Amino acid sequence: MRSRWSSEAAAGLDALALRVYTSRLLGAEPSLVLYGGGNTSVKHTAPHPRGGSRRTLTIKGSGTDLATIQAGGFASLALDDLVPLRKRATLDDDAMVELVTLALLDSRAPRPSIETLLHAFIPLAWVDHSHADAILTLTNQPDGVARVRDVFADSVGLVPYIKPGFDLSRVAADVYDSDPAVEGLILDKHGLVTFGETAQESYERHIQLVSRAEARISQTWVGPRRSLGGTDSEASRLAVTLRGALSRRRHLIVRCDTSLRVRAFVDRRDLDQISQQGPATPDHVLRTKRLPLVLPSADPDDAPTAVARYEAAYHEYVEGYADAATDFRHDPGPRVVLAPGVGMFTTGRTAAEADAVARIYRHTMDVIEGAESIDAYAALPARDLFDIEYWPLELYKLKLAPPDRELAGRVALVTGAASGIGRATSRRLAAAGAHVFVTDIDTAGADSVATQIRGAGDAAEPMKLDVTDKPAVELALHSVVLAVGGVDIVVSNAGIADAGSIDALGLDAWQQSLDVNATGHFLVTQAAVRAMREQGIGGSLVLVCTKNALDPGRDFGAYSAAKAAQLQLGRVLAIENGEHGIRVNMVNPDAVFADSRLWSDDLRAGRAAAHGVTVDELEDFYRRRNLLQTRIDAGDVAEAVLFLASDRAAKTTGAVLPVDGGVRGAFPR
C-alpha cells in the first residue's frame with residue numbers, strides 16, 4: 001500500500017482541517033475502511049463555548065464516511081472530562097455514553113464514535129483506526145497472535161478481542177503504556193490503531209504496518225483463481241426468485257455480482273466450510289449478518305426452501321443468545337447469498353445499502369482467502385458476534401434512523417418518462433422511496449430526468465425504451481430484474497396524439513396511434529405481469545389512459561380509439577392477475593399541457609379548431625369545461641399514480657380514477 005500523503009496539500013492546515021485531510025486519505029483506501037467504518041481523532045487546544053480555550057478531543061462521528069468526511073462530521077469533546085474515566089474499575093455502556101455525551105462541546109455535533117475513550121486514553125495527539133483487510137487476514141486465524149508476532153515482532157502491541165467500549169479502551173491504553181515505543185496496536189479480530197505526535201506520523205505508520213502485513217500475505221496467496229462467468233439469464237432467474245422469497249415481509253433490492261473475482265470464491269469446493277465462520281470483523285455483522293446463505297444449487301426452484309432454512313437457523317441462533325426481556329429481532333433473511341455457478345446476491349432496502357453489503361463481502365472474501373492461503377480462516381465465536389448484532393448501542397442507531405418512506409424497497413418502471421406525466425411520476429415515485437427506472441425513446445431526456453432525481457438524493461436509472469419494440473420491452477424488464485432483482489410497480493404512460501377527422505385520417509396515422517397507444521401498453525404490461533408472477537409477491541400496474549377513453553371528442557378518433565383499447569386492456573389485466581396479487585388500475589387525466597410533449601403545435605391547432613376556440617384560448621377552454629374549473633398538471637396525475645401504486649390502494653384493482661377536474665361525460669360507469 002502506498003502513502004497518499006502530500007506535504008503540499010497538508011501545509012498550512014489547522015488541526016481540524018488536517019484531521020479531515022488525513023481521514024480522507026484513509027477513507028480513499030477500500031482495503032482499510034468501507035463506508036461508515038474506522039475512526040480518527042486529534043487532541044488539540046480549541047476555544048471553549050464558555051470562553052477561553054480548553055484541551056479538546058475531536059473525533060469522527062459515529063457512522064460518518066471517512067472517504068467524504070467534512071469538518072461537520074466530527075464531534076469535539078472536553079478531553080479533561082474523558083481522561084479521568086480511565087481510573088474507573090468499571091463503566092457500563094449506558095453510563096459511558098452519558099459521560100461522553102456530557103463532554104460534548106457542541107450539542108449539535110454528531111454522536112461521537114463508540115471508541116471515543118480509546119482515542120482519549122492514548123496520550124498522543126493523532127490516532128487512526130481502520131479495519132485493514134491485511135491486518136484482519138493475520139488476526140483471523142487459529143493462531144492469529146503468532147502470525148502477528150511473526151510479521152511485526154514487538155513493533156506493535158497486541159490487544160485481545162474485547163467488545164468496543166470502556167473495557168477495550170482501558171486495556172488498549174494499558175497495552176500502549178506497557179511499551180510506548182510501539183508503532184501501533186493490533187486489535188484482535190478488529191483492526192489496527194496507529195498514533196503519532198503529528199498527523200503524518202500516525203498516517204504513515206498506518207500505511208507502513210498494513211504494507212508489512214500485505215507483504216507477508218503475498219508470499220503465499222496468489223489471488224483467486226479464474227473461472228467462467230455465469231450467464232445473465234441464470235442470474236436474473238435466480239435474482240427474481242430470491243427477491244420474491246426475501247421480500248415477503250418487506251420489499252428489498254437485490255443486487256447481483258457475477259464477476260470472475262466473485263465466481264472464484266463461490267465456486268470453491270470448500271465454500272460451505274470457509275464461508276460459515278463469520279465476518280472479518282464484528283463491525284460488519286450489522287450489514288452482512290453473521291453468515292451468508294450458500295445455495296445448494298443454481299436452480300431457482302431451490303432458493304425459497306434455502307431461504308426458509310436460513311431464516312429458521314437465524315431464529316434458532318438469536319433465541320439461543322437473546323435476553324428474554326428484549327423482544328427486538330432483526331429481519332431473519334440473509335444479507336448475502338452465495339450461489340455456486342452464478343455469483344453473489346446482496347440485499348438492502350435501497351440499492352446503495354445492497355451495494356455496501358456487496359463491497360463489504362468482497363473484502364471479506366479477500367480476508368478469508370488470504371487467511372486460508374497461510375493456514376485457516378477463523379472468525380469470532382457466534383456469541384461475540386451476537387453481542388454486537390444485538391448490542392443496545394448499535395440498536396440505538398436504528399432508532400435514530402428516519403422511518404422508511406412509503407415505497408422503500410420497491411422497484412418502479414415508468415414509460416414515456418422524459419417529459420410531462422412520465423417525468424412527474426418518476427420524480428414522485430422516487431421521492432416516495434422507490435428505485436425508479438426512467439424509460440423513454442428519448443435517451444437524453446430519460447438520462448436528464450434520472451440525473452435530476454439522483455441529484456435530489458433519490459434512486460433512478462435511465463433506460464432507452466421503444467414500447468412498440470417487443471424484444472426491446474422484454475430486454476428492459478430483463479435488465480431491471482438483473483439490476484435490482486425484480487419489479488413492483490410499472491407505470492405504462494408512453495403515448496402520442498394526432499388530431500384529424502376519421503374520414504380524412506391516413507392509415508399510417510391510425511396504425512401509429514394503435515402501435516403506441518394500445519399495442520405499446522400491451523407489450524409493456526405483458527412483460528411486467530410475467531416478471532411479477534415469477535417474483536411471486538404481487539405488484540401494481542398503473543395505466544395512464546385519458547378522459548377520451550370514456551368521453552371522446554370530434555377529430556380525435558385515432559387517439560380516442562387506441563386509448564379506449566388501452567383502458568379495456570387494463571380491465572382485462574385486472575381480471576387475469578388478481579389471483580397473483582397483481583393490481584391493475586387506470587388513471588384518466590385530461591388536458592395536461594405543462595411540460596408535455598403530447599401537445600404539439602399541430603395538436604393544439606387541431607383541438608382548438610374542433611372546439612371552436614383560438615389556440616391561445618385552448619388551455620383556458622379545458623379549464624372552464626370541468627366542474628372544478630381548474631387546470632390539471634402532471635403533478636396532479638403523479639399523485640394519483642402514487643396512490644394507486646402504493647399500499648394505500650392495496651385492495652383496489654380494476655379501478656378508473658379520473659384526474660380531470662370533473663368532466664361529466666367522462667365519469668366512469
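Everything numeric here is computed off the predicted structure, so don't read it as measured data.
A salt bridge does not link Asp404 with Arg410: every distance from a Lys NZ or Arg NE/NH1/NH2 to an Asp or Glu carboxylate oxygen is 4.0 Å or more. Checked for salt-bridge contact, Asp143 and Arg147 meet the test: a charged N lies under 4.0 Å from a carboxylate O. Salt-bridge check for Arg205 with Asp128: failed, with every basic side-chain N at 4.0 Å or more from each acidic carboxylate O. The pair Asp355-Arg359 does not meet the salt-bridge criterion, since no charged nitrogen lies less than 4.0 angstrom from a carboxylate oxygen. Checked for salt-bridge contact, Glu353 and Arg335 miss the test: no charged N lies under 4.0 Å from a carboxylate O. A salt bridge does not link Arg349 to Asp331: none of the charged nitrogens lies less than 4.0 Å from a carboxylate oxygen. In this structure, Asp174 pairs ionically with Arg86, as a charged nitrogen and a carboxylate oxygen lie closer than 4.0 Å.
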Report the C-alpha separation of Asp133 and Ile217 in whole Å, then their side-chain angles, then the decisive distance to 0.1 Å, and conclude whether the side-chain contact (heavy atoms from CB on, under 4.5 Å) test is met. CA-CA 11 Å; Asp133 291 353; Ile217 297 165; over 6 Å; no
Go through Val336 and Met344 one step at a time and tell me if the side-chain contact (heavy atoms from CB on, under 4.5 Å) criterion holds. CA-CA 7 Å; Val336 179; Met344 173 177 69; 4.0 Å; yes
Go through Leu187 and Ile135 one step at a time and tell me if the side-chain contact (heavy atoms from CB on, under 4.5 Å) criterion holds. CA-CA 9 Å; Leu187 313 182; Ile135 300 297; over 6 Å; no
Using the side-chain contact (heavy atoms from CB on, under 4.5 Å) rule, take Arg216 and Ile374 through it: C-alpha gap first, then chi angles, then the decisive distance, then the call. CA-CA 9 Å; Arg216 172 64 182 87; Ile374 297 172; 3.9 Å; yes
Asp366/Arg362 under salt bridge (charged side-chain N to carboxylate O under 4.0 Å, His left out): CA gap, chis, key distance, verdict: CA-CA 7 Å; Asp366 289 341; Arg362 281 192 291 268; over 6 Å; no
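When all heavy atoms are compared, the tightest approach of Leu385 to Pro279 is CD1-CD, 3.6 Å. Here the closest heavy-atom approach between residue Ala89 and residue Phe166 is recorded as O-CE2, 3.9 Å. Across all their heavy atoms, Thr56 and Ser76 have their closest contact at CG2-CB, 3.7 Å. Of all heavy-atom pairs spanning Ser275 and Leu338, the tightest one is CB-CD1, 4.0 Å.
Of the inter-residue distances, the one linking Lys60 atom NZ with His129 atom NE2 reads 9.0 Å to the nearest 0.5 angstrom. Between Arg111 atom CZ and Leu104 atom CG the span is 10.0 Å, to the nearest 0.5 Å. Going from atom CG of Leu138 over to atom CD of Glu214 covers 10.0 Å, rounded to the nearest 0.5 Å. Atoms CG and CZ, on Leu158 and Phe152 in that order, are 9.5 Å from each other to the nearest 0.5 Å. Between atom CH2 of residue Trp391 and atom CD1 of residue Ile114 there is a gap of 4.0 Å, rounded to the nearest 0.5 Å. Here Trp126 contributes atom CH2 and His44 contributes atom NE2; the two are 8.0 Å apart, rounded to the nearest 0.5 Å.
Between the side chain of Arg19 and the backbone N or O of Ser41 there is at least one donor-acceptor pair closer than 3.5 Å. Under a 3.5 Å cut-off, the side chain of Asp267 and the backbone N or O of Pro340 do not form any donor-acceptor pair. Remark: side-chain polar atoms of Ser169 are paired, donor with acceptor, to backbone N or O of Leu118 under 3.5 angstrom. Of the possible polar contacts, none joining the Glu183 side chain to the Gly157 backbone as a donor-acceptor pair under 3.5 Å is found. At least one donor-acceptor pair under 3.5 Å links the side chain of Lys289 to the backbone N or O of Gly333. No donor-acceptor pair closer than 3.5 Å links the side chain of Arg290 to the backbone N or O of Gly278. Side-chain N or O atoms of Lys189 include one that pairs as donor or acceptor with a backbone N or O of Thr139 at under 3.5 Å. Formation of a donor-acceptor pair under 3.5 Å by the Ser202 side chain with backbone atoms of Ala199 is not found in this model. A donor-acceptor contact shorter than 3.5 Å is absent between the side chain of Tyr203 and the backbone of Leu26. Listed for the Glu29 side chain is no donor-acceptor partner under 3.5 Å among the backbone atoms of Leu25.
Side-chain contact between Val127 and Val193 is present, with heavy atoms from C-beta onward closer than 4.5 Å. Inter-residue side-chain proximity for Val42 and Phe74 is flagged as unmet; no heavy-atom pair is nearer than 4.5 Å. Side chains of Ile388 and Asp384 form no contact here, defined as non-hydrogen atoms less than 4.5 Å apart. Within the 4.5 Å cutoff, no side-chain heavy atoms of Val266 are placed close to those of Val342. Within the 4.5 Å cutoff, no side-chain heavy atoms of Phe265 are placed close to those of Val262. Put simply, the side chain of Arg405 reaches to within 4.5 Å of the side chain of Asp458, judged on heavy atoms. Between Asp257 and Tyr361 the shortest side-chain heavy-atom distance does not fall below 4.5 Å. Residues Asp188 and Val145 form no side-chain contact, since every pair of their non-hydrogen atoms from C-beta on lies 4.5 Å or further apart.
Remark: Glu319 CD is packed, more than 12 non-hydrogen atoms of other residues, nucleotides or ligands lying under 6.0 Å away. Counting heavy-atom neighbours within 6.0 Å of Arg329 CZ, excluding the residue itself, gives a total above 12. Atom CZ of Arg108 has 12 or fewer neighbouring heavy atoms from other residues, nucleotides or ligands inside a 6.0 Å radius.
Between His119 and Phe121, the gap from one ring centroid to the other reaches at least 6.0 Å. Under the 6.0 Å cut-off for aromatic ring centres, Tyr390 and Tyr321 do not qualify, their centroids lying 6.0 Å or more apart.
A search for salt bridge (Lys or Arg N to Asp or Glu O under 4.0 Å) contacts involving Glu197 returns nothing, not counting sequence neighbours.
Using modelled atom types, one finds a donor on one side chain and an acceptor on the other under 3.5 Å when comparing His190 with Glu115.
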